[in-house]
Amino acid sequence: MHAFFEAIPDSAQGLAHCAPLPDLQVVSASGADAIAFLHGQLTQDLTGLDSARAALAGYCTAKGRLLATMVMWREAEHAGVHAAAPGAAAQAAGTAGATDAAVVPPPAVFHALVRADVAPAVVKRLGMFVLRAKAKLALSPLRVAAVWGARDIEALGRAAGGELPRTAWQRADLPSGTWIAAPGAGATAGARWWWIASDAQLDRLESPDNALLNSLTLGDADHWRADDLAAGVPWIGAQTQDMFIPQTVNLDLVGGVSFTKGCYPGQEVVARSHYRGTVKRRMAYGVVAGIAAADVAPGTDVYDAAQPNEPCGRVVDAAGAPDAAVLFETTLSALEGGGLRLGAIDGAAIGVRPLPYALA
């Protein structure tokens, strides 16, 4: 953990809560072919993603099963670098035949927030398919934190160095780092941000009189994770790799799948389910009273009391205590019945709660 986060006071005086998120890691891709390469590997249309937005994406096997979900964004473009064009040296020497200097565009840089327990494997697997493409993939040293519960967004923005994004998936590059507005569970959820910063940026914020440091109160990362679940954001980690296709964790319902882009691994399976209308399983949100998330492993079976012979679904993710918030994949028919149980037919009841989007 960077010393900046250790310096955040544990009090209720700040403008917002902040917590480091060590369970997330940044993966970066750079190079002239980075966009084209990632566009051909992920479910998101990255060619249409401008630097003012972020978006969800999935990385699938050839059978359409998710190996990772990620929040993607494109680094803001800066001015091109002037490079000497043919004849420039002759021009400098005063000889004829020189041409003007050409502007070389900076290499594209994409970043992705990925579950830390799958990030190395994602980089390794993607790297196997780079071949001759001018693209370089690497784990990034950038730090990831969460900020939420702002009492005065304008004042927090001034402390962070600029205007903070207000609408989900909008992003801004500020002196303090990159701020991405995260989705919430409704109009009353309040503003939430993923905050991504380098060590150098955090070093500059460590001073005891720094405005941003004094604007924050140390928060509980598990609270943030529970809010992610309430917002219906599916994070695929090591325990749930190769279990779900994008539609069964609602990735298509939250803008994480493009059905108009070209091919990518698993595209045929994903497209077939979409166009044939055969998606009969979806991800739902619920609360399990009296059981902490630490006792709910991702991948745990879910049972329907009306059909006790076999599981009807599996847990995608869990967070929170003493009552665990859970995202779980199940059949649409089991959701209608309302008799869902965790881990066994006589297990704890799952109280289904609405998601902020329809399970269309």
Side-chain angles (χ1 to χ4, degrees), residues 24-81 83 102-142 144 169 171 173 178 180 194 196 198 234-238 241-242 244-246 251-252 254-271 274:
L24 294 180
Q25 187 163 9
V26 177
V27 170
S28 298
S30 61
D33 297 333
I35 297 176
F37 172 72
L38 290 177
H39 183 76
Q41 295 292 322
L42 306 178
T43 60
Q44 183 60 255
D45 180 1
L46 295 183
T47 62
L49 185 62
D50 64 53
S51 60
R53 296 189 303 115
L56 278 168
Y59 181 39
C60 300
T61 67
K63 295 182 178 180
R65 296 187 176 272
L66 287 164
L67 295 170
T69 50
M70 55 193 72
V71 174
M72 303 285 306
W73 72 97
R74 182 176 183 172
E75 195 169 284
E77 294 181 3
H78 302 289
V81 178
V103 176
V104 179
V109 178
F110 262 93
H111 300 292
L113 289 184
V114 184
R115 274 281 169 88
D117 59 355
V118 300
V122 166
V123 170
K124 182 178 180 180
R125 186 182 177 93
L126 283 170
M128 293 169 57
F129 300 99
V130 170
L131 302 177
R132 296 181 180 178
K134 296 178 181 178
K136 182 178 180 180
L137 299 156
L139 298 175
S140 171
L142 292 169
V144 185
W169 306 114
R171 61 174 293 274
D173 286 325
T178 294
I180 300 172
W194 287 290
I196 302 97
S198 66
W235 289 104
I236 298 298
Q241 280 189 312
D242 208 16
F244 309 112
I245 67 170
L251 199 63
D252 57 324
V254 289
V257 181
S258 170
F259 293 103
T260 59
K261 59 169 284 183
C263 293
Y264 55 87
Q267 184 262 346
E268 289 186 7
V269 175
V270 177
H274 174 73

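Computed from a predicted structure; not experimentally measured.
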For this session: Name all residues meeting the ring-ring contact (aromatic ring centres under 6.0 Å, His included) criterion together with W73; count only those two or more places apart in sequence or in a different chain, and write none if there are none.
Result: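 If we apply the ring-ring contact (aromatic ring centres under 6.0 Å, His included) test to W73, skipping adjacent residues, the hits are H111.
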Item to check | ring-ring contact (aromatic ring centres under 6.0 Å, His included) partners of F259, counting only residues at least two apart | outcome: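 Checked F259 against ring-ring contact (aromatic ring centres under 6.0 Å, His included); matches are H274.
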Got [X] and [Y] here, is their nearest side-chain heavy-atom distance under 4.5 Å?
X: V144; Y: L113; result: yes
X: I236; Y: Y59; result: no
X: L42; Y: M72; result: yes
X: L67; Y: R125; result: yes
X: S140; Y: V27; result: no
X: S51; Y: E75; result: no
X: H39; Y: D45; result: yes

Can you tell me how far the [atom1] atom of [X] sits from the [atom2] atom of [Y], to the nearest 0.5 Å?
X: L38; Y: L49; atom1: CG; atom2: CG; result: 11.0 Å
X: S28; Y: L139; atom1: OG; atom2: CG; result: 9.0 Å
X: I35; Y: L46; atom1: CD1; atom2: CG; result: 8.0 Å
X: F129; Y: Q41; atom1: CZ; atom2: CD; result: 6.5 Å
X: C60; Y: Y264; atom1: SG; atom2: OH; result: 6.0 Å

Closest non-hydrogen atom pair, [X] against [Y]:
X: V118; Y: G237; answer: CG1-C, 3.5 Å
X: A57; Y: L251; answer: C-CD2, 4.1 Å
X: G64; Y: P246; answer: O-CD, 3.3 Å
X: M70; Y: W235; answer: CA-CZ3, 4.3 Å
X: G256; Y: Q44; answer: CA-NE2, 3.8 Å
X: R53; Y: R171; answer: O-CD, 3.4 Å

Would you confirm whether [X], through its side chain, and [Y], through its main-chain N or O, come within 3.5 Å as a donor-acceptor pair?
X: T43; Y: G58; result: yes
X: D33; Y: A133; result: no
X: T69; Y: P234; result: yes

**OP:** Kindly determine whether L56 and V71 satisfy side-chain contact (heavy atoms from CB on, under 4.5 Å), including the steps that lead there.
**Re:** CA-CA 5 Å; L56 278 168; V71 174; 3.9 Å; yes
Within a radius of less than 6.0 Å around NZ of K261, do more than 12 heavy atoms belonging to other residues, nucleotides or ligands occur?
yes
Assess the residue pair D242 and L66 against the criterion (side-chain contact (heavy atoms from CB on, under 4.5 Å)); give the C-alpha distance rounded to whole Å, side-chain angles, the decisive distance to 0.1 Å, and a yes or no. CA-CA 5 Å; D242 208 16; L66 287 164; over 6 Å; no
